> 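Take this structure, written in structure tokens, and hold onto it; I'll ask about it next.
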Amino acid sequence: MLTNTMENLPTSTEFMLMLTLLLASAILASIGIRRIGLPPVIGFIAVGMVVGPYGFALVKDVKLVNILADIGLIILVFVIGLEFNLSRFRKVGGIAIIGALVELGFAFLITFILSIALGFTPIEALYLGGIISITSTAIVLKLLKDAGIVHTKEAEFILLVSIVEDIFAIVLLVALPGIVKSGTADIAQIAGIVGQSIAFFMITLIIGLKAVPKVVGYISRVDIDEVPFLLALSLGFGLALLANYLGLSMAIGAFLMGVMIASAPRADVITSRILPLRDFFGTIFFISIGMLISVSAMLDNILLALPLICIAVVSKFIGNFISAVIVGFNRDSASTIGVMMMPRGELSFVMAKQGVDVNATREFILPTTMLISLASILVVPLLGKVLPTIVDPKSLIPIRILKALEYPARVVRVAVNILQSKEGSNKMRSMLPRTMINIAIIIAMITIISLTDNLLMLLYNTFVSLRVVPYNIFKLIFMLGAIVYPLLNTFGNIGYMINSMLESFHARISKAPISNVRLHHMYRVVRNIVMMLFILIVTSFIIPPLVVGSSVDIVLPSSIVALCIFIYLLFDTFVVVNKKIEQSLVEIIFESEENK
């Protein structure tokens with residue numbers, strides 16, 4: 001197989017000639033496209049259209065280009081993780097999260113519903129929703145600089161919302177291929193895929209954010225400049241491959257490793273070394289997208305793209321305008337945010353290419369995305385002249401139209417103001433992080449138990465004493481034991497009270513209490529597991545042979561007692577594990593900055 005692959009590869013001369021052609025064309029295209037006010041990414045895609053099989057066919061080995069493009073996608077997402085460090089995430093606060101949820105939810109749902117009405121399949125509608133709802137951070141930053149408002153509060157809000165949008169894009173890139181594999185978009189399937197992603201996300205973050213910065217810091221002591229950079233790349237590709245092996249998108253692995261390395265010493269040095277790689281492979285990635293688009297396809301899809309362009313412009317402006325008013329911006333500021341969040345770019349093309357690669361969408365999606373991106377960029381200066389902004393407050397449209405959009409936003413704003421009050425803010429700061437984390441723990445636990453059904457069945461069949469109840473009841477007991485602590489804590493502090501009672505009970509029965517808190521928790525988990533195995537072995541393999549021929553049947557009573565003790569120890573073990581997971585995530589995501 002390897003020999004066949006090697007035989008199909010071009011010679012080194014052909015490969016160098018191809019790279020020279022692509023990079024030289026990319027330089028010329030980016031210079032030309034910038035002069036007419038468009039971002040370089042459009043020029044790169046145009047190069048692919050010209051040199052690809054639908055153009056002059058100057059590059060014939062598209063497979064090799066696609067391999068380089070796949071590497072570019074991983075590095076692109078990896079750099080998003082590097083730039084999205086947790087200290088920056090803490091600065092986002094509730095305001096940007098609320099704004100992002102409102103505008104993303106509005107644009108995505110409107111696009112999905114109208115796409116279905118236009119005759120697209122549900123899967124295509126999901127991809128179109130993602131393509132249209134994600135703003136290009138790079139293009140927006142350029143527009144803010146050109147308008148001279150990059151240091152305003154509106155620009156800060158726009159950039160913070162873009163962070164949340166990047167996370168949303170990563171989630172979609174992870175979830176959508178799984179939905180495609182199942183052939184359906186039902187809620188249960190989506191929940192399963194999201195659950196797997198959350199479980200992977202939690203386990204990776206808890207372990208990685210403790211270990212990876214230390215490993216990178218230790219390796220950085222080696223007096224070789226290249227070593228931290230090479231380590232970061234190997235870790236990024238490694239976690240991407242692990243995610244792919246587990247049936248998830250490589251994007252989530254690359255993104256998470258970027259987040260972990262961003263918390264490490266000398267992360268800025270590593271990022272500065274990786275950026276040229278991102279630029280090189282990213283350029284190849286966008287050229288590869290262009291190779292899948294023909295000019296004739298763009299012309300053929302203009303009529304199809306027109307309603308989608310209208311949906312993209314209207315939904316994005318209304319969603320951002322309403323979200324900005326909700327979080328406290330005035331009319332001119334909200335209009336400015338709505339206009340500046342208009343451009344679609346790199347992540348929209350990533351999503352469109354994925355849709356074609358996994359056969360989720362027809363090939364029309366790529367030229368259509370190109371048209372949507374071009375229109376969303378070109379419409380910004382026009383909207384800036386028609387709508388009131390902080391640069392030019394004059395409006396050519398009736399103000400009553402904007403007032404109509406303000407009314408529903410102001411109703412929601414009242415509730416937001418209550419939450420932003422000192423008392424409400426303190427309550428939200430104490431409740432919201434733990435509530436979100438406990439919900440994530442519940443989803444992750446249910447997903448893990450569902451994926452380990454064969455192991456549970458093996459455990460059930462191995463020990464006779466567990467078979468006093470049907471398997472479905474046993475599995476239900478096991479699942480309830482896994483989620484009862486975070487479930488109770490989601491609705492209040494009952495879980496903490498139960499844990500206090502259990503710890504008090506263990507303090508009474510333990511003859512040798514452990515003073516170290518970490519060792520104490522580890523001791524409880526190990527002791528519980530050992531005791532569970534001991535009781536199951538005794539009641540399943542030792543007692544039954546001893547009472548053979550005896551007139552007294554103690555097998556059933558002993559099995560019932562063993563099951564009850566097993567349930568108690570199982571419950572106590574999961575309480576300890578869930579509490580440590582919750583504490584670790586709260587410390588990592590929300591509190592570590594305060595402790596510095």
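Just so we're clear, the structure is a prediction, and the values are computed from it rather than from any experiment. For the single chain, residues carry numbers from 1 onward in sequence order.
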> Answer whether the closest heavy-atom distance between the side chains of L277 and F281 falls below 4.5 Å.
yes
> Can you tell me how far apart CZ (R278) and CG (L76) are? Round to the nearest 0.5 Å.
7.0 Å
> Could you go through the side-chain contact (heavy atoms from CB on, under 4.5 Å) check for E346 and F285 one step at a time?
CA-CA 10 Å; E346 54 276 3; F285 173 78; over 6 Å; no
> Taking the six-membered ring for Trp, are F157 and F329 ring centroids under 6.0 Å apart?
yes
> Where is the tightest heavy-atom contact between T462 and F541, given as atom of each residue plus distance?
O-CZ, 3.3 Å
> First locate atom CZ of F237, then atom CD1 of I75, and finally report the distance between them rounded to the nearest 0.5 Å.
4.5 Å
> Show, in sequence, the C-alpha distance, side-chain angles and deciding distance for S133 and F168, and conclude whether the side-chain contact (heavy atoms from CB on, under 4.5 Å) test is met.
CA-CA 10 Å; S133 60; F168 179 70; 3.7 Å; yes
> List the steps, then state whether side-chain contact (heavy atoms from CB on, under 4.5 Å) holds for E165 with T137.
CA-CA 9 Å; E165 286 196 354; T137 305; over 6 Å; no
> Anything under 30° is parallel, anything over 60° is perpendicular, the rest tilted; go ahead and classify F474 against Y460.
tilted
> Return the minimal non-hydrogen interatomic distance between V327 and G99, and the atom names on each side.
CG1-N, 4.2 Å
> I want to check something: taking the side chain as every heavy atom from C-beta on, are V259 and L82 in contact at a cut-off of under 4.5 Å?
no
> Drop me the distance from S540's OG to R467's CZ, to the nearest 0.5 angstrom.
7.5 Å
> Would S465 and T539 count as a side-chain hydrogen bond (donor to acceptor under 3.5 Å, both in side chains) here? Give the steps.
CA-CA 6 Å; S465 52; T539 55; 3.1 Å; yes
> Would you mind reporting whether V227 and R221 have side-chain heavy atoms less than 4.5 Å apart?
no
> If I take atom CD1 from residue I97 and atom CG from residue L160, how far apart are they, to the nearest 0.5 angstrom?
10.0 Å
> As an exercise, state the distance from CG of L459 to CG of L533, rounded to the nearest 0.5 Å.
8.5 Å
> Would a distance-only check, ignoring hydrogens and angles, find a side-chain to backbone donor-acceptor pair under 3.5 Å from S234 to L231?
yes
> Within the 4.5 Å heavy-atom criterion, are F229 and T271 side-chain neighbours or not?
no
> Between T135 (side chain) and M341 (backbone), is there a donor-acceptor pair under 3.5 Å?
yes
> Indicate the atoms forming the closest heavy-atom contact of A482 with N578, along with that distance.
O-ND2, 2.8 Å
> Evaluate side-chain contact (heavy atoms from CB on, under 4.5 Å) for I206 paired with K580, printing each intermediate quantity in order.
CA-CA 10 Å; I206 291 172; K580 290 302 295 179; over 6 Å; no
> Could you grab the distance from atom CG of L480 to atom CD1 of I567, nearest 0.5 Å is fine?
10.0 Å
> Could you check if a side-chain atom of M532 sits within less than 4.5 angstrom of a side-chain atom of L570, using non-hydrogen atoms only?
yes
> Considering only heavy atoms from C-beta outward, does the side chain of L73 approach that of M250 to under 4.5 Å?
no
> Considering non-hydrogen atoms only, spot the tightest contact between G319 and V102 and give its length.
O-CG1, 4.3 Å
> To check you understand the geometry: which heavy-atom pair defines the closest contact between Q354 and L173, and what is its length?
NE2-O, 3.0 Å
> Return yes if some donor-acceptor pair links the side-chain N/O of N461 with the main-chain N/O of M457 below 3.5 Å, else return no.
yes
> Does the side chain of Y471 come under 3.5 Å of the side chain of D453 through a donor N or O and an acceptor N or O?
yes
> With a 4.5 Å limit on heavy-atom distance, are the side chains of I441 and I483 in contact?
no
> So, N438 side chain and E582 main chain: donor-acceptor pair closer than 3.5 Å or not?
no
> Do F478 and F574 have their ring centres less than 6.0 Å from each other?
yes
> Give the minimum heavy-atom separation between I170 and I252, together with the two atoms involved.
CG2-CA, 4.3 Å
> Using modelled atom types and a 3.5 Å cut-off, is there a donor and acceptor pairing between side-chain atoms of T111 and backbone atoms of G129?
no
> How about R527 and V530: do any of their side-chain heavy atoms sit closer than 4.5 Å?
no
